[in-house]
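Below, read A as the first sequence line, B as the second, and so on, with proteins coming before strands; counting in each chain starts at 1.
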Amino acid sequence: MLSLQLIRQNPDLVRDSLAKRGEAAALDEILRLDEDRRRLIQEVEGLRAKRRQASKDIGQMKDKPEALLAEMRDTGGQIKSLDHEISRNEEGLNDLLLRIPNLVHPSVPVGRDESDNVMVRSWGEVRTFDFEPLPHWDIGTNLGIIDFERGVKISGSRFYVLRGLGAKLQRALIAFMLDLHVSEHGYTEVYPPFMVKRETMLGSGNLPKFADNLYHDEEDDLWFVPTAEVPVTNLHRDEILEPGSLPFYYVAYTACFRRESMSAGKDTRGIKRGHQFDKVELYKFVEPHTSDDELEIMVADAESVCQKLDLPYRVLQLCGGELGFNATKSYDIEMWVPGCAEWLEVSSCSNCIDFQARRANIRYRPQQGEKPQFVHTLNGSGLALPRVVIAVLENYQQPDGSVAVPEVLRSYMGTDVIR
RNA sequence: GGAGAGGUGUCCGAGUGGUCUAUGGUGCCGCUCUCGAAAAGCGGUGUUGCUUUCGGCAACCGUGGGUUCGAAUCCCACCCUCUCCGCCA
């Protein structure tokens with residue numbers, strides 16, 4: 001959420017920023033509602049002050065004059081109707097505010113789609129094979145470690161079953177990534193709920209705008225998380241963090257659930273895009289002046305997973321048109337997958353500045369006795385499964401159809417080859 | 001799911017219709033005393049909105065309604081926590 005004060009004081013800055021995303025928002029409507037709101041508040045507060053004084057006086061009197069009581073009855077009615085008007089106004093205002101995306105960071109390249117993203121760097125050599133590398137669906141089916149048909153039988157399209165060393169490979173990757181981020185990068189592991197309340201989805205920015213991508217339990221109004229970013233953002237919702245306590249680094253494994261209704265018909269083959277997938281997520285709560293640097297460090301933390309697995313990748317900076325709703329600036333990490341012959345997104349790291357903090361009311365006190373300020377939040381995949389499973393299978397495949405296990409996973413897998 | 005108890009500021013805890021402008025303690029900050037510290041004493045110490053004469057005004061006692069001239073206090077609904085019972089991994 002953007003600061004209403006910022007919109008009021010500098011609407012052109014907000015308009016320009018929205019233009020960089022190719023979006024328009026109802027700024028004029030917001031400004032009008034804000035003006036009405038402030039007028040109504042002044043009016044009702046004047047009446048309240050009057051009533052307060054009168055009530056105090058009445059309390060002292062022996063004989064309560066009926067005329068005064070009647071007048072105050074009337075004032076009470078006015079207050080009530082103004083209160084209703086104000087809450088209607090604020091509801092409308094809030095709803096508009098909650099649908100405006102974050103400001104765009106000045107360093108973000110101009111552009112409309114993925115062709116305008118900018119490659120920042122790349123790492124590792126793209127592997128060459130003296131045989132035709134297979135896509136992961138063939139490798140997985142041949143080895144009996146991915147079962148598409150039974151996934152569909154159980155749950156429908158875009159579901160699959162991992163089996164044997166396939167299931168174990170995914171589990172090994174999760175354990176490896178969690179251990180790496182905890183022991184080498186200073187993150188604290190958390191295991192959050194996978195189903196959350198409506199307010200939690202509002203705080204992280206997924207509601208109200210993106211309801212159509214979420215699974216929802218009607219009976220208890222619980223929502224399935226599309227990413228660990230959702231519960232982890234809300235760890236510190238409505239808190240004022242003590243001076244000196246920031247930064248907080250969290251790493252969380254969760255399953256993620258997405259309808260993917262926007263991508264119908266896209267990536268239907270294989271396990272690249274399912275309705276349920278696993279992810280290890282990095283998340284930071286930091287002081288505002290550090291968030292630019294913290295983003296670079298987070299990307300490096302995610303990259304180190306790729307490096308330790310010895311999987312070639314490239315880092316892209318997203319252009320304005322590709323930025324997510326919450327993000328002011330984002331980097332994507334893409335791994336080369338030779339079977340599918342494409343760059344596959346395995347991570348997206350974003351600085352959300354105070355956008356989520358304002359929605360979720362997460363503040364910190366810079367110094368003892370100072371006013372609380374909104375923190376900055378950052379999130380990034382570290383990394384997303386099963387896409388890393390795809391990358392391992394396709395990059396480590398061998399001519400006989402087996403798959404070598406990357407060095408760092410061998411102790412987790414208890415084997416050096418999947419056959 | 002059933003029964004009971006409870007939710008007040010950093011924390012503990014008082015307050016059952018009107019000087020509540022929320023008692024008291026604790027923590028924290030400052031000052032006095034001291035070579036310094038402790039102790040003691042004194043003063044200060046929440047969040048938000050509106051206004052900007054910088055001084056005010058208003059809201060906030062789990063949440064939302066209601067009653068009343070006036071609600072932390074009375075009424076209704078809901079949420080959460082604790083204890084016991086039932087069920088269960």
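Remark: the A/Lys329 side chain and the A/Ser350 side chain contain no N/O donor-acceptor pair separated by less than 3.5 Å. Side-chain contact check for A/His236 and A/Tyr250: at least one donor-acceptor pair (N or O, by modelled atom type) lies under 3.5 Å. A donor atom on one side chain and an acceptor atom on the other are not found under 3.5 Å apart for A/Thr377 and A/Lys284. In this structure, a donor-acceptor pair under 3.5 Å is absent between the side chains of A/Asn102 and A/Asn326. Residues A/Glu303 and A/Tyr313 bring a donor and an acceptor atom of their side chains to less than 3.5 Å of each other. Judged purely by distance below 3.5 Å, without hydrogens or angles, the side chains of A/Ser291 and A/Asn351 pair a donor atom with an acceptor atom.
B/rG44 and B/rG49: their C1' atoms are spaced 24 Å apart (whole Å). Separating the C1' atom of B/rA89 from that of B/rG4 is a span of 28 Å, rounded to the nearest Å. B/rU83 and B/rC75 are spaced 28 Å apart, taking the C1' atom of each and rounding to whole Å. When the C1' atom is used for both B/rG30 and B/rA22, the distance is 25 Å, rounded to whole Å. Only the P atoms considered, B/rA14 is 32 Å distant from B/rU67, to the nearest whole Å. For the C1' atom pair drawn from B/rA58 and B/rG66, the interatomic distance equals 22 Å after rounding to whole Å. Nucleotides B/rU73 and B/rG18 have their P atoms positioned 12 Å apart, rounded to a whole Å. Straight-line distance between the P atoms of B/rC11 and B/rG46: roughly 15 Å, to the nearest whole Å.
Between A/Ile58 and A/Ser55, the residue whose closest nucleotide on RNA chain B is further toward the 5' end is A/Ser55.
Scored by the side-chain contact (heavy atoms from CB on, under 4.5 Å) test, A/Asp416 finds A/Arg410 as partners (sequence neighbours excluded).
A/Asp221 has its CG atom 13 Å from the P atom of B/rC80, to the nearest Å. Atom CG of A/Asp238 is separated from atom P of B/rC80 by 16 Å (rounded to the nearest Å). Distance A/Asp74 CG to B/rU68 P: 14 Å, rounded to the nearest Å. Counting to the nearest Å, the P atom of B/rU21 and the CD atom of A/Gln53 are 11 Å from each other.
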Next item on the list: Test side chain to side chain donor-acceptor pair (under 3.5 Å) on A/Glu229 and A/Thr233 and set out the steps.
Entry: CA-CA 6 Å; A/Glu229 178 193 340; A/Thr233 300; 4.9 Å; no
Note to self: side chain to side chain donor-acceptor pair (under 3.5 Å), that's the test. Do A/Glu296 and A/Tyr331 meet it? Break it down for me.
What the structure shows: CA-CA 9 Å; A/Glu296 302 300 323; A/Tyr331 294 104; 2.7 Å; yes
Notebook entry, point to check: Could you write out RNA chain B as a dot-bracket string, with dots for unpaired bases, | for bases paired across to another strand, and Watson-Crick or G-U pairs counted at under 3.5 Å?
Noted result: ((((((((..[[..)..(.....]].((((((.......))))))((((((...)))))).[[[[[..)....]]]]])))))))....
Checklist line | Contact pattern, 5' to 3', of nucleotides 45-66 of chain B - B, S or - by protein heavy atom under 4.0 Å | finding: --SSBSS-----BBS-------
